[in-house]
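Values below: all heavy atoms of this structure, side chains included; hydrogens, waters and symmetry mates excluded. Proteins come first, then strands; the chains are lettered A, B, ... in the order of their sequence lines, and each starts at number 1.
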Number of protein chains: 2
Amino acid sequence: MKVENKHTKIIAAATKVFAKKGFFTARISDIAKEAKVADGTIYLYFNNKYDILLSVFEEEVGKIVESTEKLLRLEDDPRRQLEIFCSQHLHSMKKNRYLAEVLQIELRQPYKLIKEYRDNTFSKYTGIIAEIIRNGQRLGLFRPELHPDLAKRCIFGALDELSRVWNASLETNYTVEEITNQVLAIFLIGLEVTRSSEEG
Amino acid sequence: MKVENKHTKIIAAATKVFAKKGFFTARISDIAKEAKVADGTIYLYFNNKYDILLSVFEEEVGKIVESTEKLLRLEDDPRRQLEIFCSQHLHSMKKNRYLAEVLQIELRQPYKLIKEYRDNTFSKYTGIIAEIIRNGQRLGLFRPELHPDLAKRCIFGALDELSRVWNASLETNYTVEEITNQVLAIFLIGLEVTRSSEEG
DNA sequence: ATTCCCTGAATGGCCATTCATTCATGTACT
DNA sequence: AGTACATGAATGAATGGCCATTCAGGGAAT
């Protein structure tokens, strides 16, 4: 209990410090101060600095993946699934702003351990999108000439970049719902006015 | 002449080394070795390590922005302009893979100087997309309910993430044209099969 | 008194940056 | 055309600071 508390506290502190300073200029003593523990205490719970970062990834992202997958299982229509994925992702990123920043910044680093995490674990998360698209194609709902792996990148890249609006100074006034709607409007229906007006 | 050569050589070497190792674990001596100069020589051309990174941004990205803007001026139709922007961006990133990686990784770092560059200079580049969209809305070609600033992020995020396919191990077999077409298919026309088939 | 956390000062290694020195080239003088 | 001197680009070993990590000791709980 006590252990779980301190572990969690350090994870939260590290997420915040990494978000603000970036992994490499963040000092262990910054994290310790933020978590209100001694520098040495951190090494009772983590092997080294990288281990802290990887734990942030694994534990925090793990929660998101799990809850997203659970929600998706309740829905059959790929269009709705896409909506759920986008909405969930944006909600998570807004709720945990620091985690969002850490993911956006550090998940791309070309270091062995980070790459490994990205390729082995995180890619499953973005893979969900490709799966949805493949399924939509199978059902004849999505256009068959699209490559699911490219579409997946389009969508994930868009979500990733969009979740930065809450950190940017100016464009802070969007709600999650608004952004989700915009994403789906663009991806499902497209930019052009003719398509959607033919609809209505 | 000699000077220009060495400056350029160091920029190229740094781009490569930063791409492979990331800014923070890249050592000056790595860059020096790659550029085939002495460690000290680098300080005849740059003030410090950050200065090298910023120079990479400014000089290399500067070229891209300039040539993109020139091309866009020759075209009126926002749909075509969007196509040009996407195609140009992807072409540039494929041509200079190391630069692509450095941009994707380092441009997001939360350090003052990098932030400044991003907010003051780089944002002009992504701003081009928002401008195209605004223009398309004015002309009644793009849907008026879309926020140009959100759409801009969608599109840039998608392009950014897509240009990683050339670094990933598996999905390497796409051409720039193929990817451009996919992006436009998704953004302009949307994912759903009904919209595009109503068209044909 | 033993166990279990916890602490934070001290250690050691790494690397950006510096700078005394070398070397190549150019210029001037005979 | 050979000698002497000047310049400044280039070098790379040495310096110094920073910070992750360690560990000897403190103190609370049983």
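OP1 or OP2 of dT11(D) sits under 4.0 Å from a side-chain N or O of Thr41(B). Residue Tyr45(B) places none of its side-chain N or O atoms closer than 4.0 Å to OP1 or OP2 of dA9(D).
With sequence neighbours left out, Lys36(A) forms a salt bridge (Lys or Arg N to Asp or Glu O under 4.0 Å) with no residue at all. With sequence neighbours left out, Gln137(B) forms a side-chain hydrogen bond (donor to acceptor under 3.5 Å, both in side chains) with no residue at all.
Atom NZ of Lys6(B) and atom C1' of dG8(D) are 13 Å apart (whole Å). Rounded to whole angstrom, the span from the NZ atom of Lys33(A) across to the P atom of dT7(C) amounts to 15 Å. In this structure, the CG atom of Asn5(A) is 14 Å from the C1' atom of dC5(C), given to the nearest Å. Taking atom CZ of residue Phe46(B) and atom P of nucleotide dA10(D), one finds them 13 Å apart after rounding to whole Å. The distance between atom NE2 of His7(A) and atom P of dC5(C), rounded to the nearest whole Å, is 15 Å.
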What donor-acceptor contacts under 3.5 angstrom involve side-chain atoms of residues 14-24 of chain A, with partners at least two apart or in another chain?
unit_1, atom_1, unit_2, atom_2, d
Thr15(A), OG1, Ile11(A), O, 2.7
Lys16(A), NZ, Glu34(A), OE2, 3.3
Lys21(A), NZ, Asp30(A), OD2, 3.2

Let me check something: any side-chain donor-acceptor pairs from residues 146-157 of chain A under 3.5 Å, sequence neighbours excluded? List them with distances.
unit_1, atom_1, unit_2, atom_2, d
His147(A), NE2, Glu178(B), OE2, 3.4
Arg153(A), NE, Glu171(B), OE1, 3.2
Arg153(A), NH1, Glu161(B), O, 3.3
Arg153(A), NH2, Glu171(B), OE2, 2.8

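With distances taken from any side-chain atom of Ala38(B) to the nucleotides dC6(C), dT11(D), dT7(C), the minimum falls on dT11(D).
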Give each protein N/O atom lying under 3.5 Å from an N/O atom of nucleotides 19-22 of chain D, with the pair distance.
unit_1, atom_1, unit_2, atom_2, d
dA20(D), OP1, Ala26(A), O, 3.3
dA20(D), OP1, Lys49(A), NZ, 3.3
dA20(D), OP2, Ile28(A), N, 2.7
dT21(D), OP2, Tyr43(A), OH, 2.7
dT21(D), OP2, Lys49(A), N, 2.9
dT21(D), O5', Tyr43(A), OH, 3.4

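The list of salt bridge (Lys or Arg N to Asp or Glu O under 4.0 Å) pairs with a residue in residues 77-102 of chain B, not counting sequence neighbours, reads Glu192(A)-Arg79(B), Glu75(B)-Arg80(B), Asp77(B)-Arg79(B), Arg80(B)-Glu83(B).
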Starting from the C-alpha separation in whole Å, work towards a yes-or-no answer on side-chain hydrogen bond (donor to acceptor under 3.5 Å, both in side chains) for Gln104(A) and Ser163(A).
CA-CA 9 Å; Gln104(A) 281 154 16; Ser163(A) 49; 2.9 Å; yes

